[in-house]
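Notes follow once the structure below has been shown.
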Amino acid sequence: MKVEDLINIIGADFYTGVPDSQLKALCNYLMNTYGIDARHHIIAANEGNCAALAAGYHLATGKVPVVYMQNSGEGNIINPVASLLNDKVYAIPVIFIIGWRGEPGVHDEPQHIFQGEVTMKLLEDMNIKAFAIGKGTSDEEVAAVMEEFRGVLASGRDVAFVIHKDALSYDGKVKYENENTMTREEIIRHIVKASGEDPIVSTTGKASRELFEIREANGQSHKYDFLTVGSMGHSSSIALGVAVNKPGTRIWCVDGDGAVLMHMGSMAVLGANAPENMIHVVINNGAHETVGGMPTVAGKIDLVAIAKACGYPNAVCVDNFEALDRELKAAKNRKELSMIEVKCSIGARDDLGRPTTTALENKERFMEYLGKL
């Protein structure tokens, strides 16, 4: 189905969401049509943020908004759907467009498997009437469903279109880029060299994939790394949990700007606890690159100032490898919580692989290594 046809059938003029590779056609269409425009299209920090934005739009206009997201974001919308949007509370109608990662019978990464199995059940439990759009679904079918949905929305309930893999298409192209020069993979290579045998917790997406391949290329063990393949935004909290229980061991967290934005409250918790053995490296390319490259707001905010306001005793920003190496060394040698923001370009190798070990194997090797420290 062409994404333009879906947009016309829905007939909404406000979209907010968190980008998803399954919804790349929709994301690119919105960027080409609206860009980032507060009246028509906002990329939010997390999916709950989207639901609240959508509620505000409806309160101000009386019209029905659209929230787009990957199905992994269902967990983030449960509270606002149940306690804000629900027809037993404020009865605020929202149309959700949800990319179905891990759908049963379709091979996907381990973090998507269970989420894929429960995607439709979670929507049912939240009293969200859903319809799945596949590659063979006709425009007429979707139009008929939307007519039915209009009655549901009029009653103050929410609805969802769940999108199968490759179900949406868009011929337009969008090029995502910035002016930064350092690549993420090379940045991680420098972190690996500086960290030595210290444990690393890495964020979900391409960062963990690149870390895995760097260890392979170096002939190093993967026992040093916990690759957070899901749970976007929670890697720094995982690292904090490790750091406070291994006070004699330096713990590194390799994070991304989209992940930091998704659950920024974790920085306040980190700063308040200020583990002296933790280094928080935020690789900032101002983009949700792993799922297509759509922008985050991280290019417009001061992460160093935020870290310091949250209580980090040390926080710096670097944009070249000489400064990066200097700050990595300084952070490793000091006994205080440190944050290093690294300005990064957008892009990765076309042949970037994925971890060849299972998530369970990764956990067991990492725990075994921690147990010896």
Side-chain angles (χ1 to χ4, degrees), residues 18 44-49 52 75-76 79 180 184 187-188 190-191 194-196 198-205 207-208 211 225-226 228 231-286 288 296-319 323-344 366 370 373:
V18 176
N46 63 56
E47 294 82 3
N49 183 195
N76 284 336
N79 177 260
N180 302 323
R184 184 183 48 252
I187 291 166
I188 295 173
H190 281 243
I191 295 170
S195 63
D198 296 340
I200 296 176
V201 176
S202 60
T203 189
T204 189
S208 282
L211 176 57
D225 310 319
F226 183 81
T228 313
S231 299
M232 183 173 171
H234 294 302
S235 293
S236 63
S237 296
I238 296 170
L240 172 61
V242 175
V244 297
N245 287 287
K246 289 291 180 181
T249 301
R250 180 74 62 198
I251 306 298
W252 299 68
C253 176
V254 176
D255 219 341
D257 57 295
V260 165
L261 290 168
M262 183 163 280
H263 294 294
M264 193 178 280
S266 61
M267 290 183 69
V269 177
L270 258 170
N273 286 277
E276 65 178 23
N277 60 325
M278 183 169 159
I279 301 169
H280 189 189
V281 183
V282 181
I283 301 176
N284 183 1
N285 61 6
H288 288 285
T296 71
V297 297
K300 298 181 178 180
I301 64 176
D302 189 339
L303 287 177
V304 169
I306 291 169
K308 289 181 177 178
C310 285
Y312 285 61
N314 303 279
V316 297
C317 178
V318 300
D319 63 3
L324 173 63
D325 290 339
R326 181 179 65 248
E327 294 299 337
L328 290 172
K329 182 178 180 181
K332 185 178 175 77
N333 289 333
R334 72 168 64 99
K335 291 186 177 180
E336 281 186 322
L337 171 65
S338 299
M339 191 274 268
I340 305 171
E341 177 191 9
V342 189
K343 295 292 188 178
C344 176
F366 187 72
L370 287 179
L373 299 176

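Sequential numbering from 1 along the given sequence is applied to the chain's residues.
Atom SG of residue Cys253 and atom CD1 of residue Ile279 lie 11.0 Å apart, to the nearest 0.5 angstrom. Note that OG of Ser231 and CD1 of Ile238 are 6.0 Å apart. Values are rounded to the nearest 0.5 Å. If you take OG1 on Thr296 and CG on Asn284, they are separated by 6.0 Å, rounding to the nearest 0.5 Å. The distance from the CD1 atom of Ile251 to the CG atom of Asn245 is 10.0 Å, given to the nearest 0.5 Å.
Here the closest non-hydrogen pair linking Gly48 and Asn46 is N-OD1, 3.0 Å. Between Asn277 and Ala243, the closest heavy-atom pair is ND2-O, 3.0 Å. For Val304 against Ala315, the heavy-atom pair with the smallest separation is CG1-O, 3.4 Å. Across every non-hydrogen atom of Met232 and Ala259, the tightest pair is CE-N, 3.7 Å. Between Ile340 and Ala331, the shortest heavy-atom distance links the atoms CD1-CB, 4.2 Å. When all heavy atoms of Tyr312 and His280 are compared, the pair lying nearest together is OH-ND1, 3.0 Å.
Among residues two or more places apart in sequence or in another chain, the salt bridge (charged side-chain N to carboxylate O under 4.0 Å, His left out) test is passed with Glu341 by Lys343. Every residue two or more places apart in sequence or in another chain that forms a ring pair (Phe, Tyr, Trp, His ring centres under 6.0 Å) with Phe366 is listed here: Phe226.
Residues Met278 and Trp252 are not in side-chain contact: their nearest non-hydrogen atoms beyond the backbone lie 4.5 Å or more apart. Met262 places none of its side-chain heavy atoms less than 4.5 Å from the side chain of His234. Looking only at side-chain heavy atoms (C-beta outward), Leu261 and Ile301 come within less than 4.5 Å of each other. Side-chain contact between Val282 and Ser236 is absent, with no heavy-atom pair separated by less than 4.5 Å. The side-chain heavy atoms of Leu270 and Cys310, taken from C-beta on, include no pair separated by under 4.5 Å. Side-chain contact check for Leu337 versus Glu276: every heavy-atom pair is 4.5 Å or farther apart. Counting heavy atoms from C-beta on, the side chains of Val281 and Asp255 never come closer than 4.5 Å.
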message: Walk me through whether Val254 and Thr203 qualify under side chain to side chain contact (heavy atoms under 4.5 Å, CB included).
response: CA-CA 6 Å; Val254 176; Thr203 189; 5.6 Å; no

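Between the side chains of Ser235 and Thr228, a donor-acceptor pair is found at a separation under 3.5 Å.
Listed for the Asn273 side chain is no donor-acceptor partner under 3.5 Å among the backbone atoms of Pro275. Of the possible polar contacts, none joining the Asn314 side chain to the Met339 backbone as a donor-acceptor pair under 3.5 Å is found. Side chain of Asn180 to backbone of Cys344: a donor-acceptor contact under 3.5 angstrom is found. Remark: side-chain polar atoms of Thr249 are not paired, donor with acceptor, to backbone N or O of Pro247 under 3.5 angstrom. Side chain of Arg184 to main chain of Ile283: no donor-acceptor pair is present (N/O by atom type, distance under 3.5 Å, no hydrogens or angles). Ser266 places a side-chain N or O within donor-acceptor distance of the main-chain N or O of His263, the cut-off being under 3.5 Å.
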